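What follows is a short report on a single structure.
For clarity, every value in this text was computed on a predicted model and none was experimentally measured.
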Amino acid sequence: MTEPLYDLAIVGGGINGAGIAADAAARGLRVALIEQNDLGSATSSASSKLVHGGLRYLEHYDFRLVREALQEREVLLAKAPHIIWPLRFVMPHVGGMRSRPLIRAGLFLYDHLARRRVIPGSAAVDLHRDPMGQALKSHFAKGFSYWDCWADDARLVVLNARAAALQSAVIMTRTKVTGLAAADGHWNVTLADAGGQRVLQARALVNAAGPWVDTVAQLANSAARRNVQPRIRLVQGSHIVVPRIQGADDAFLLQSSDNRVVFALPYEDQFTLIGTTDVSYDADPATVAISDVEISYLLNLANQFFVKSLSRSDIVWQYSGVRPLFDDGNANASAVTRDYRLEMTAENVEPPLLTVLGGKLTTYRKLAEAAVDHFRPHFPHMRPCSTSRSPLPGGDVGMEGIEGFRKRLAEQRPGLPAPFLKLLFRRYGTLTDDVLGDARTLAGLGANFGGSLTEREVIYLRDHEWARQPGDVLWRRTKAGLHMSVDQRKTAEEQLSRLL
């Protein structure tokens, strides 16, 4: 079976692939997005959940990247205020490490490299007076505060895919690219899924396969006798989740003696998220898992700062991802650039292929804009980029803002608990009404699987957000799995398998 001819086929359903699909579809191109697993199931759901400028990148003189990321913070905050919101960070000063004048200078740059409309600036902090100091050991007396943004990374991917689909893009999950062939000025892309094999045709191809970018490049090389060799460096990053550290209701940036920094972030109301690590990785990206060394590293660093002593028994969840960074030749995994690189075949080479390397969650929209711009010679009639101005699905809160919409939602559905409505709004924004349908009470939402996850929500995720397996729901579309007991999760997985 042969699919219709698309303008653009995008391989990889992480944040870069989904962002490119949303941008290209909004410009009027016929787009197919192909993901071998679930949307955002690899690197893009294993991040530190931040939209941030990257304060530590200033030490590597990455001023352009930091400036672009700082600009994008406010753009993304306006696009998706339901899944992205400002978060205060406290950085305790550590004697013998970065000096206070150096930190103050860095924060001054951070405040002024890009215009701030919503996000506050930095300040010095007396940790014996600031409420956040309660979580820290008493010898941490001074520090600094600054602001960045929290983001639900997996939902950001899904919402970009939804934005693309609303512009007629076709989203194919659990569909693997098994072959590429160049013929008659277009790509023949062989796909394999549960239904068998088929061929998709596209005038242009984007390789946004993240850790698997080399695999797709080799298929393309075989197809067109090319020699595309992406310079990619795989770096493992791992996180642990523990019960909320008392007093840690904002975020901490913790300095390590190896010159790295680690975040301790408020997570899902009841937990603290600690990470990330930076470890070179050369195995199968699909099998990445946190190591004992990484667990010890994160626990030991946290225990240098917090009054509450943490041990392995405190860990309630852990996750790892592989970052596909552009290999700039730096031997230190922590110092490898987080900037992106786009490699396009020569203009006279048909069919065109664009390879995406590196990037970070915060700059995905700019990466996508630049990526689609590369195809302008091939699609001269496509519209200009509009993603900086258009909200993502659920983000169109309008003049009433987040609080106004939430208040109106609570008034219209008094039979539903306020914390439950707040939880749904943080996932779906103005689409919360679509999730709830005609339900006015919890009983009207069908079975409750635990973790505030209801049958009505699961059906919505199946029908509108490409959720096909229990993990798609429990750990990516929602974090309900984190709020369930082991027995509840087992039962929920069985019930969700039937529903999905």
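- Annotation: side chain of Glu465 is in contact with side chain of Tyr428 (closest heavy-atom distance under 4.5 Å).
- Proximity of a side-chain donor or acceptor of Arg489 to a complementary backbone N or O of Met484 within less than 3.5 Å is detected.
- Counting only N and O atoms by type, the side chains of Arg476 and Ser45 include no donor and acceptor under 3.5 Å apart.
- With contacts defined as side-chain heavy-atom distances shorter than 4.5 Å, the pair Arg203/Leu5 qualifies.
- A distance of 4.5 Å separates OG1 in Thr175 from CG in Asp193, rounded to the nearest 0.5 Å.
- Once rounded to the nearest 0.5 Å, the distance linking CG of Leu219 with CH2 of Trp212 reads 14.5 Å.
- Side chain to side chain, Gln236 and Glu294 meet the donor-acceptor criterion of an N or O pair below 3.5 Å.
- Residue Thr478 holds its OG1 atom at 8.0 Å from CG of Leu423, rounded to the nearest 0.5 Å.
- A cation-pi arrangement is present between Arg426 and Trp85, with the terminal nitrogen or guanidinium carbon under 6.0 Å from the aromatic centre and inside a 45° cone about the axis.
- For the pair Arg440 (side chain) and Leu416 (backbone), a donor-acceptor distance under 3.5 Å is absent.
- The two residues Leu70 and Gly53 have their closest heavy-atom pair at CD2-CA, 3.7 Å.
- When the side chain to side chain donor-acceptor pair (under 3.5 Å) test is applied to Asp434, no partner is found at least two apart in sequence or on another chain.
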Please report the C-alpha distance between Asp7 and Arg30 in whole Å, then the side-chain angles of each, then the deciding distance to 0.1 Å, and finally whether the salt bridge (charged side-chain N to carboxylate O under 4.0 Å, His left out) criterion is met. CA-CA 5 Å; Asp7 293 320; Arg30 183 174 173 83; over 6 Å; no
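- Taking each heavy atom of Gly185 and Pro351 in turn, the nearest pair found is O-CB, 3.7 Å.
- Within the 4.5 Å cutoff, the side chain of His60 has no heavy atoms near those of the Thr337 side chain.
- Applying the side chain to side chain donor-acceptor pair (under 3.5 Å) criterion to His378, with sequence neighbours excluded, gives Glu350.
- At least one side-chain heavy atom of Thr454 sits under 4.5 Å from a side-chain heavy atom of Phe420.
- No side-chain donor from either of His52 and Thr362 sits under 3.5 Å from a side-chain acceptor of the other.
- Partners of Asn16 by side chain to side chain donor-acceptor pair (under 3.5 Å), not counting sequence neighbours: none found.
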In sequence, state the C-alpha distance, the side-chain angles, and the governing distance for Glu400 and Arg408, and then conclude on salt bridge (charged side-chain N to carboxylate O under 4.0 Å, His left out). CA-CA 9 Å; Glu400 65 180 345; Arg408 180 162 56 84; 2.7 Å; yes
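- For the atom pair NZ (Lys479) and CD (Gln270), the distance works out to 14.5 Å, reported to the nearest 0.5 Å.
- Leu474 contributes atom CG, which lies 5.5 Å from atom CG of Leu496 (distance to the nearest 0.5 angstrom).
- Residue Arg64 holds its CZ atom at 4.0 Å from CG of Asp339, rounded to the nearest 0.5 Å.
- The backbone N or O of Gly446 sits nowhere less than 3.5 Å from a side-chain atom of Glu455 that would complete a donor-acceptor pair.
- When every heavy atom of Ile171 is checked against every heavy atom of Ala161, the shortest pair comes out as CD1-O, 3.9 Å.
- When atom types are taken as modelled, the side chain of Asn160 and the backbone of Val157 share no donor-acceptor pair closer than 3.5 angstrom.
- Judged purely by atom type and a 3.5 angstrom limit, Ser485 uses its side chain to pair as donor or acceptor with the backbone of Gln488.
- A donor-acceptor contact shorter than 3.5 Å links the side chain of His82 to the backbone of Pro393.
- Note on Asp148 versus Arg56: no salt bridge recorded, every NZ/NE/NH1/NH2 to OD/OE distance being 4.0 Å or above.
- In this structure, the side chains of Leu500 and Asp472 stay at 4.5 Å or more apart for every pair of heavy atoms.
- One N or O on the side chain of Asn207 and one on the backbone of Ala209 form a donor-acceptor pair closer than 3.5 Å.
- Under 3.5 Å, the side chains of Ser280 and Arg233 contain a donor-acceptor pair of N or O atoms.
- Phe271 has its ring centre less than 6.0 Å from the ring centre of His483.
- Put simply, the side chain of Arg462 gets close to the backbone of Leu499: a donor and an acceptor are under 3.5 Å apart.
- Between the side chains of Thr276 and Arg323, at least one donor-acceptor pair of N or O atoms lies under 3.5 Å.
- In this structure, the side chain of Lys79 engages the main chain of Ser390 through a donor-acceptor pair within 3.5 Å.
- Of the possible polar contacts, none joining the Arg468 side chain to the Asp38 backbone as a donor-acceptor pair under 3.5 Å is found.
- For the pair Glu35/Arg174, no side-chain contact is recorded, criterion being any heavy-atom separation below 4.5 Å from C-beta on.
- Side-chain atoms of Leu234 and Asp282, non-hydrogen and from C-beta on, never get closer than 4.5 Å to each other.
- Using a 4.5 Å heavy-atom cutoff, the side chains of Arg338 and Leu325 are in contact.
- Nearest heavy-atom pair across Leu298 and Ile274 is CD1-O, 3.7 Å.
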